[in-house]
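Shown below is the structure under consideration.
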Amino acid sequence: CPLPAAHLFPGKEDQDHGRAKGSVQYHKVQAQQIRERTSMRYLDFSIYWCIVFIPFSFAVSPVATNVFSLLAIGLFLIKKIVKKEPFLPQADILFPLLALVLITAVSFVHSVNFRDTLKGGLLRLLHYILLLCVVSNEVKDKKHIYKIAVSMAAGIIFVAADAVWQLVTL
């Protein structure tokens with residue numbers, strides 16, 4: 001049930017609905033709002049670190065990359081559904097993405113193997129489009145970009161060290 005507008009602003013009393021500042025119902029509403037904010041913080045935290053771990057896991061394991069990217073996409077969709085916000089990307093990248101989907105759909109119609117085109121083409125394209133939406137909406141500052149760059153560098157260093165180790169231990 002939607003809350004009256006007075007409950008969105010702390011310190012306001014809602015005498016019309018019997019929710020004075022000291023009433024039990026007022027405290028229940030406040031507790032519910034605190035739980036919602038806490039759950040949003042957990043979602044933001046999880047999405048943030050999934051985005052950071054994706055580049056590192058890409059260098060190490062494709063399975064881990066799929067796990068982190070699908071986890072980020074799922075949590076992002078849950079967050080957008082709970083907040084009742086649209087989960088489309090910004091308008092400047094929306095039109096090229098729609099053109100890419102249109103071209104892929106035309107390619108799908110003229111495909112020889114529909115199953116392979118669906119699995120390797122359309123579903124993978126949908127996966128990367130959703131991942132692009134997550135990253136474009138959730139990366140907000142230079143600090144986050146710096147952590148992603150450090151994650152990429154750590155993945156590169158790990159793979160390079162593993163290659164040197166394999167070369168030395170032949």
Side-chain angles (χ1 to χ4, degrees), residues 2-3 5 7-10 30-108 116-169:
L3 297 173
H7 290 290
L8 298 176
F9 305 103
Q30 290 297 322
Q32 179 183 4
Q33 289 175 349
I34 290 171
R35 281 192 302 269
E36 288 174 2
R37 283 191 300 249
T38 304
S39 63
M40 283 300 131
R41 273 191 263 147
Y42 284 135
L43 282 172
D44 285 336
F45 177 82
S46 301
I47 293 169
Y48 183 91
W49 285 105
C50 281
I51 292 172
V52 170
F53 287 139
I54 287 171
F56 177 78
S57 65
F58 189 77
V60 176
S61 166
V63 174
T65 303
N66 286 336
V67 168
F68 283 125
S69 64
L70 290 174
L71 186 63
I73 290 169
L75 292 172
F76 175 75
L77 291 176
I78 289 170
K79 177 182 169 184
K80 291 298 182 175
I81 289 170
V82 168
K83 287 180 134 183
K84 298 177 183 169
E85 294 177 350
F87 48 87
L88 294 173
Q90 288 84 9
D92 53 348
I93 61 171
L94 182 63
F95 295 115
L97 287 178
L98 290 176
L100 185 61
V101 168
L102 182 66
I103 291 169
T104 306
V106 169
S107 171
F108 177 73
D116 187 47
T117 303
L118 181 66
K119 181 182 175 196
L122 289 177
L123 293 179
R124 185 170 293 165
L125 178 66
L126 178 66
H127 177 249
Y128 287 124
I129 287 174
L130 287 173
L131 191 59
L132 178 69
C133 291
V134 170
V135 172
S136 67
N137 284 323
E138 294 296 323
V139 174
K140 295 178 175 67
D141 57 356
K142 289 185 180 185
K143 185 178 177 184
H144 196 179
I145 294 171
Y146 178 75
K147 287 182 181 178
I148 293 170
V150 168
S151 175
M152 291 170 68
I156 292 168
I157 290 169
F158 180 75
V159 169
D162 184 46
V164 170
W165 178 259
Q166 289 180 13
L167 183 66
V168 170
T169 59

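Because only heavy atoms are used, hydrogens play no part in the values below, and waters and symmetry mates are left out as well, while side chains stay in. Heads up: numbering here begins at 1 and tracks the sequence.
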Notebook entry, point to check: Got a second to check how far Ser107's OG is from Leu122's CG, nearest 0.5 Å?
Noted result: 8.0 Å
Note to self: Would you compute the distance between atom CD1 of Ile51 and atom CG of Leu71 and round it to the nearest 0.5 angstrom?
What the structure shows: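 Ile51 atom CD1 to Leu71 atom CG measures 11.0 Å (nearest 0.5 Å).
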Under 3.5 Å, side-chain donor or acceptor atoms of residues 141-150 against the rest of the protein: list the pairs with distances, not counting sequence neighbours.
unit_1	atom_1	unit_2	atom_2	d
Asp141	OD1	His144	N	3.2
His144	NE2	Tyr48	O	3.4
Lys147	NZ	Tyr48	OH	3.4

Would you be so kind as to tabulate the donor-acceptor pairs closer than 3.5 Å made by side chains of residues 162-169, with sequence neighbours excluded?
unit_1	atom_1	unit_2	atom_2	d
Asp162	OD2	Gln166	NE2	3.2
Thr169	OG1	Trp165	O	2.7

Next item on the list: Output the distance between atom OG (Ser39) and atom NZ (Lys79), rounded to the nearest 0.5 Å.
Entry: 11.0 Å
Checklist line | Contact summary for Phe158 and Val60, nearest pair of heavy atoms | finding: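 Closest heavy-atom pair between Phe158 and Val60: CD2-CG2, 3.6 Å.
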Next item on the list: Start with the C-alpha gap between Val82 and Met40, add the side-chain angles, then the distance that decides, and say whether side-chain contact (heavy atoms from CB on, under 4.5 Å) holds.
Entry: CA-CA 9 Å; Val82 168; Met40 283 300 131; 3.2 Å; yes
Margin query: Going by the rule ring pair (Phe, Tyr, Trp, His ring centres under 6.0 Å), which residues pair with His127 if we only count those two or more places apart in sequence or in a different chain?
Written below: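 Scan of His127 (ring pair (Phe, Tyr, Trp, His ring centres under 6.0 Å), adjacent residues dropped) gives none.
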Notebook entry, point to check: Backbone N or O of Ile34 within a donor-acceptor pair of the Thr38 side chain at under 3.5 Å?
Noted result: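 Between the backbone of Ile34 and the side chain of Thr38 there is a qualifying donor-acceptor contact (under 3.5 Å).
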Notebook entry, point to check: Can you name the closest pair of heavy atoms from Ala72 and Ile47 and give their distance?
Noted result: O-CG1, 4.2 Å
Next item on the list: With Leu125 as reference, evaluate Leu100, Ile103, Leu130 under the side-chain contact (heavy atoms from CB on, under 4.5 Å) test and give the passing residue.
Entry: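 Result: among Leu100, Ile103, Leu130, Leu100 is the only option passing the side-chain contact (heavy atoms from CB on, under 4.5 Å) with Leu125.
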Next item on the list: Please tell me if the side chains of Phe76 and Ile73 come closer than 4.5 Å, counting only heavy atoms from C-beta onward.
Entry: no
Checklist line | Closest contact, heavy atoms only, Pro86 versus Lys80 | finding: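 What the structure gives for the nearest pair is O-CD, 3.9 Å.
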Checklist line | Tyr42 OH to Asp44 CG distance, which is reported to the nearest 0.5 Å | finding: 12.5 Å
Check: Between Ser151 (side chain) and Phe56 (backbone), is there a donor-acceptor pair under 3.5 Å?
Finding: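 Checked: pair present.
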Next item on the list: Could you tell me the separation between the CD atom of Glu138 and the CG atom of Leu43, rounded to the nearest 0.5 Å?
Entry: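 Rounded to the nearest 0.5 Å, the CD-CG separation comes to 9.0 Å.
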Check: What are the two closest heavy atoms between Ile54 and Ser69, and how far apart are they?
Finding: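 That closest heavy-atom pairing would be CD1-CA, 3.7 Å.
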